[in-house]
Visitor: 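Pasting in a structure now, in structure tokens, and then I'll have a few things to ask.
Quick note on labels: first sequence line is chain A, next is B, and so on, each numbered from 1. Just so you know, these numbers use all the heavy atoms, side chains as well, and skip hydrogens, waters and symmetry mates.
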There are 2 protein chains.
Amino acid sequence: MLRTNTEFLTYIDALYQSNRPEVTLQNFEKDSLLLRQGEKSHRVFVIKEGIAKCFFLEENGKDYILEFMSKGQILGEIEMIKQIDCLCNVAALTSLQVYAIPAPVFKQLLAKDLILNKILLEELAERIINTSSRASFQQLYTVEHGLGKLLELQEKQGMEISKEDMAAYLGITLRSLNRALKGL
Amino acid sequence: MLRTNTEFLTYIDALYQSNRPEVTLQNFEKDSLLLRQGEKSHRVFVIKEGIAKCFFLEENGKDYILEFMSKGQILGEIEMIKQIDCLCNVAALTSLQVYAIPAPVFKQLLAKDLILNKILLEELAERIINTSSRASFQQLYTVEHGLGKLLELQEKQGMEISKEDMAAYLGITLRSLNRALKGL
DNA sequence: ACAAAAAAAGGACAAATGTCCTAAACGATT
DNA sequence: AATCGTTTAGGACATTTGTCCTTTTTTTGT
């Protein structure tokens, strides 16, 4: 659930190193927003260091966290591919260092570079696997079951998530999360 | 929620027409299984005619329907891209006519054809949009809200879904579906 | 048309979850 | 250390959902 992609990071590192002055390295501080749901974006980001969360803000005011993203994850590529406004918000959970690639550069690469296409296809495929498995699991199993998995992964990855974010990831209220934590 | 992809169908139609004897046209009868969760697959399918459903069968015996697929939708491509066993089951809801493309042919195209890469990237992107929006919506809104949307789409597309499938799509029990239908 | 069998709907109760509000814990400031 | 303010946890009740089983409806065969 903390997604990474070393292959992609290597690819972008190389791109940055090469003759591509349009690709820049940027910093975002903790809690800042990289992408804002519903707004247009004119670049994609690739995380070099740090952790971000992608989340929907629904009309009823509730959040739903889709993924926690880390090294080598790309942000905003779906919007670029489909030519749409930002699907969800992306916020920095820690301070972030990211590569920023302007839309024209990214689109040109997409149109010409089979390596990038391959990496992206694999990444999108993996996200579909994750997202759909999780949707199924969350609908069909109890909260405690899902919470168990979340705590496991969290421990394994040594990352700490606020309770609010845990609840948003599980799609439940804070109250329910507290109850589930009691019930271990 | 009944997904189609005319661009892809056109692409595969052309492929079938051209010098590609390995690409075959096959028929599946209603209720037959095209892909079986957990098993290996050695080809991808593209629907020429008919409707299929993709669904998880969870360990607790419950089904969760991911998508209803129709004309131009590709099946089994994620497994091919990620080299994994079938993620979910795919069953024919109506009798089906599909193109079958052997794994080596598909992989070769993937490695060489930027057009195919583009079509696939767009399709996967759209599935991510769908799947994640739906996951968020189903977690954060009431069943009745979700049911409303389902009935709307069902009407718009003139397709009829069994109550069992509706429940599996919404991730709820039949009993809950009946109640929600009463409550309109 | 009727009886038997099968499928679908619904009642009753239990379990899970959300809402709203109060109580406890924590932090900063003096 | 005491106080105020803010954040976090939890109690009480209502609502939603699931489970299990009975009732109703539909289908099938004769």
Side-chain angles (χ1 to χ4, degrees), chain A residues 29-32 53 55-66 68 91-94 133-152 154-155 159-184, chain B residues 29-32 53 55-66 68 91-94 133-152 154-155 159-184:
Chain A
E29 59 186 29
K30 189 166 175 331
D31 296 327
S32 58
K53 66 172 175 181
F55 64 104
F56 284 112
L57 174 55
E58 295 286 351
E59 286 173 8
N60 59 11
K62 295 179 180 174
D63 283 351
Y64 182 77
I65 294 179
L66 287 171
F68 295 100
L93 280 187
T94 66
S133 309
R134 184 151 78 94
S136 174
F137 188 85
Q138 287 188 343
Q139 283 293 325
L140 268 26
Y141 286 91
T142 65
V143 166
E144 258 158 52
H145 211 163
L147 175 61
K149 272 205 169 180
L150 178 58
L151 290 175
E152 238 177 70
Q154 190 184 347
E155 183 133 16
M159 83 187 261
E160 48 172 308
I161 313 174
S162 73
K163 284 197 172 181
E164 226 180 355
D165 281 348
M166 280 202 217
Y169 185 79
L170 295 170
I172 58 178
T173 59
L174 243 186
R175 185 69 193 86
S176 298
L177 176 68
N178 277 326
R179 260 193 293 247
L181 283 169
K182 286 267 162 181
L184 272 160
Chain B
E29 59 186 27
K30 190 169 175 330
D31 295 327
S32 58
K53 65 172 174 181
F55 65 104
F56 283 112
L57 175 54
E58 294 286 351
E59 286 173 9
N60 60 10
K62 295 179 181 175
D63 284 350
Y64 182 77
I65 294 180
L66 286 172
F68 295 100
L93 280 187
T94 67
S133 308
R134 184 152 77 93
S136 174
F137 187 85
Q138 287 188 343
Q139 284 292 326
L140 268 25
Y141 286 92
T142 65
V143 165
E144 256 159 54
H145 211 162
L147 175 61
K149 271 207 167 177
L150 178 59
L151 290 173
E152 238 178 68
Q154 189 184 346
E155 183 132 15
M159 83 186 263
E160 49 173 307
I161 312 175
S162 73
K163 283 197 173 181
E164 228 181 353
D165 281 348
M166 278 201 219
Y169 185 79
L170 295 171
I172 58 178
T173 60
L174 243 184
R175 185 71 193 86
S176 297
L177 176 69
N178 277 326
R179 261 193 293 246
L181 282 168
K182 285 269 162 180
L184 272 161

Visitor: Return yes when atom CD of A/Glu164 has more than 12 non-hydrogen atoms of other residues, nucleotides or ligands closer than 6.0 Å, and no otherwise.
Guide: no
Visitor: Send over the distance from B/Leu170 CG to D/dT16 P, rounded to a whole Å.
Guide: 16 Å
Visitor: Does the side chain of A/Ile161 come within less than 4.5 Å of A/Phe68's, by heavy atoms?
Guide: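 They are in contact (side-chain heavy atoms under 4.5 Å apart), so the answer is yes.
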Visitor: Rounded to whole Å, please give me the gap between CG in A/Leu140 and C1' in D/dT17.
Guide: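 A/Leu140 atom CG is separated from D/dT17 atom C1' by 13 Å.
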Visitor: Check whether any side-chain nitrogen or oxygen of A/Lys62 sits under 4.0 Å from OP1 or OP2 of C/dT17, and answer yes or no.
Guide: no
Visitor: For B/Leu181 and D/dT16, what is the distance between atoms CG and P respectively, to the nearest whole Å?
Guide: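 Atom-to-atom, B/Leu181 to D/dT16, this comes out as 15 Å.
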Visitor: Is B/Arg179 side chain donor-acceptor paired with the C/dG11 base, going by distance under 3.5 Å alone?
Guide: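 Not at all, since no donor on one side and acceptor on the other fall under 3.5 Å apart.
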Visitor: Which value, rounded to the nearest 0.5 Å, describes the distance between B/Thr142 atom OG1 and B/Phe137 atom CZ?
Guide: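 Rounded to the nearest 0.5 Å, the OG1-CZ separation comes out at 7.5 Å.
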Visitor: With heavy atoms under 4.0 Å as the rule, sort B/Leu174 into base, sugar-phosphate or nothing.
Guide: nothing
Visitor: Please tell me which of B/Glu164 and A/Val143 maps to the more 5' nucleotide of DNA chain C, matching each residue to the nucleotide holding its nearest heavy atom.
Guide: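 Here B/Glu164 is the residue nearer the 5' end.
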Visitor: Using atom CD of B/Gln139 as one end and atom C1' of D/dT16 as the other, report the distance to the nearest whole Å.
Guide: 14 Å
Visitor: Return no unless some side-chain N or O of A/Lys182 is found under 4.0 Å from OP1 or OP2 of D/dG10.
Guide: yes
Visitor: For the residue pair A/Leu170 and A/Leu177, what are the closest heavy atoms and their distance?
Guide: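 Smallest interatomic distance, heavy atoms only, reads CD1-CD1, 4.0 Å.
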Visitor: Using whole Å, what does the distance between atom P of nucleotide D/dT16 and atom CD of B/Gln138 come to?
Guide: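 Spelled out: CD on B/Gln138 to P on D/dT16 is 18 Å.
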Visitor: Quick one: are A/Val143 and A/Arg179 in side-chain contact, heavy atoms under 4.5 Å?
Guide: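 A/Val143 vs A/Arg179: side chains apart.
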Visitor: If I take atom CG in residue B/Asn60 and atom P in nucleotide D/dG18, what distance separates them, rounded to the nearest angstrom?
Guide: 12 Å
Visitor: Without decimals, in angstroms, what is the distance between B/Leu177 CG and D/dT16 C1'?
Guide: 15 Å
Visitor: Pick the nucleotide of DNA chain C nearest each of A/Arg175 and B/Asn178; which residue has the one closer to the 5' end?
Guide: B/Asn178
Visitor: Looking at B/Thr173, I'd like to know whether one of its side-chain N or O atoms comes within less than 4.0 Å of OP1 or OP2 on D/dT17.
Guide: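 Checking D/dT17 against B/Thr173, no side-chain N or O comes under 4.0 Å of OP1 or OP2.
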Visitor: Taking only side-chain N and O atoms of A/Lys163, does any of them lie within less than 4.0 angstrom of OP1 or OP2 on D/dT7?
Guide: no
